[in-house]
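Presented below is the structure to which this report refers.
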Amino acid sequence: NPVTQDETVSVGGTVTLTCRVAASDNSSLQWSNTAQQTLYFGEKRALRDNRIQLYRSTGTELSITIGNVQLSDEGEYTCSIFTMPVRTARATVTVLGVPGKPQISGYEDTVQEGGKVTLTCTSSGSKPPAKLRWYRNQEELTGRPDVVETNPDEATYTVISELTLTVGRSDDNTLIGCAVDHPSLSSGEKWTEQPIRVLFTPDVTIQPQNDLPREGEKFIIQCIGNGNPKPTSYVWQRKDGELPLLAKVDGSFLLFEMLNKSDNGVYLCQADNGIGKMQGEYTLLVQDPTAMSTSSGVDHAVIGGVVAVIVFILLCLLIVLGRYLIRHKGTYLTHEAKGCDDAPDADTAIINAEGGHSGAEDKKEYFI
């Protein structure tokens, strides 16, 4: 009996149909299509369709290919061997409808923080029906169950999925993606992204020009508001009092031409971007003119430590060298001392030292 196997192919692809027998008895093999039209009888083409080509023909095998496969090519194909009686085998060809690139709709304009946005993802042309998956910056989200609609003109499906999000400021510039999952596609092959813009009130911080405001010097602090849109209005205030006379407001900047300790206090900045107002604060503590910054104090401490280590090492070296010299200092006698061994008094010792002793052992003097 002939042997075949089922095949699966995507629309536009090529499928190979193979029919084999265990042994050759000189009988011819034949392939027929779903309408029982003969495609090939041995090596002879029977149907005028250039998409169908002979792949291999031997005494035990007949293989053909069908290129540019269409949905209409799906069905059962028959291989026959003309013996008495005729034996047949069937191969089912399944054609996959390739889904189109997904389209996202529903987003038209920016959304205010705390609001909701509903997005719709649509993909057509799949067979069997595709599955749609939602993502936010590669994190998978759960949307509503897919809605599957049959396309009236062909045996394919349109799949629709909806996703509703409550957005926050962290979602600003976030990419919401919709991906198609289908046997005819590799993972992530068809994917669409929609950026989301979120309007939110600004976060306000006050940044000083430096970390050491000293009396008599110029000083600037800046109000930084991060929001969408960017703040367009800044209001400076001094907590529990008026702004100093010499302080000047320049938009997001507050300038002190010459600091005075009377400028000490808590300064407030309110930023407004049209969506809302937020406030930040900064505590100003004016230092003496001779005050050193923390970083400068650290540098001097490091330098002092290095100098102390060097002095300690030099002292240790001097002590070791002194002990070495003391231990290796030689013993010697002066000329006066040479004659004192046998002399009864000092005068005789001097005379003996000048004349020397013929039998005495010579001694040498060493000076270090």
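None of these values were measured; they are calculated from a predicted model.
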Does CG in Leu314 sit with more than 12 non-hydrogen atoms of other residues, nucleotides or ligands closer than 6.0 Å?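 Yes, CG of Leu314 has more than 12 neighbouring heavy atoms, counting only those of other groups under 6.0 Å.
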Any chance you could lay out the side chain to side chain contact (heavy atoms under 4.5 Å, CB included) test for Ile176 and Glu193, step after step, and finish with the verdict? CA-CA 5 Å; Ile176 304 298; Glu193 290 180 324; over 6 Å; no
Single-linkage hydrophobic cluster, 4.5 Å side-chain cutoff, Val69 and Leu17 together: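 Same cluster.
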Tell me whether Ile66 is reachable from Val9 by hopping between hydrophobic residues (I, L, V, M, F, W, Y) whose side-chain heavy atoms are closer than 4.5 Å.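 Yes, Val9 connects to Ile66 through the hydrophobic network.
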Which pair of heavy atoms, one from [X] and one from [Y], lies closest together, and at what distance?
X: Gly106; Y: Leu119; answer: C-CD2, 4.3 Å
X: Trp134; Y: Gly143; answer: CD1-CA, 4.1 Å
X: Val95; Y: Asp73; answer: CG2-C, 4.3 Å

Counting the benzene-type ring for Trp, do Tyr55 and Tyr40 have ring centres under 6.0 Å apart?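 Ring-ring flag for Tyr55/Tyr40: false, centres at least 6.0 Å apart.
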Aromatic contact between Phe253 and Tyr234, with the criterion being ring centroids under 6.0 Å apart: yes or no?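 Ring-ring flag for Phe253/Tyr234: false, centres at least 6.0 Å apart.
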Say you draw a straight line from CZ of Phe82 to OG1 of Thr88; how long is it, rounded to the nearest 0.5 Å?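 With rounding to 0.5 Å, CZ (Phe82) is 10.0 Å from OG1 (Thr88).
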What residue among [options] forms side-chain contact (heavy atoms from CB on, under 4.5 Å) with [X]?
X: Trp31; options: Cys79, Ser80, Ser63; answer: Cys79
X: Val21; options: Leu29, Thr83, Thr58, Leu62; answer: Leu29
X: Phe200; options: Asp172, Asn226, Ile275; answer: Asp172

Assess whether side chain to side chain contact (heavy atoms under 4.5 Å, CB included) is satisfied between Glu74 and Val93, documenting all intermediate values. CA-CA 5 Å; Glu74 184 173 86; Val93 174; 5.7 Å; no
Does a donor on one side chain and an acceptor on the other come within less than 3.5 Å for [X] and [Y]?
X: Glu281; Y: Gln279; value: no
X: Ser72; Y: Gln70; value: no
X: Thr16; Y: Thr65; value: no

Is there a side chain to side chain contact (heavy atoms under 4.5 Å, CB included) between Ser161 and Val147? Walk through the geometry before answering. CA-CA 6 Å; Ser161 179; Val147 176; over 6 Å; no
Please walk me through it: do Asp203 and Arg169 pass salt bridge (charged side-chain N to carboxylate O under 4.0 Å, His left out)? CA-CA 10 Å; Asp203 293 322; Arg169 62 184 57 205; 2.8 Å; yes
Min side-chain heavy-atom separation Gln209-Ile221 under 4.5 Å: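 No, their side chains stay 4.5 Å or more apart.
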Is there a side-chain contact between Tyr267 and Pro244, using heavy atoms and a 4.5 Å cut-off?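 Yes, their side chains come closer than 4.5 Å.
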Hey, is Asp288 close enough to Lys261 for a salt bridge, meaning N to O under 4.0 Å?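 The answer is yes: the pair qualifies as a salt bridge.
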State whether Arg90 and Asp6 are salt-bridged, where the test is any N-O pair (Lys NZ or Arg NE/NH1/NH2 against Asp/Glu carboxylate O) under 4.0 Å.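 Answer for the salt bridge query: no.
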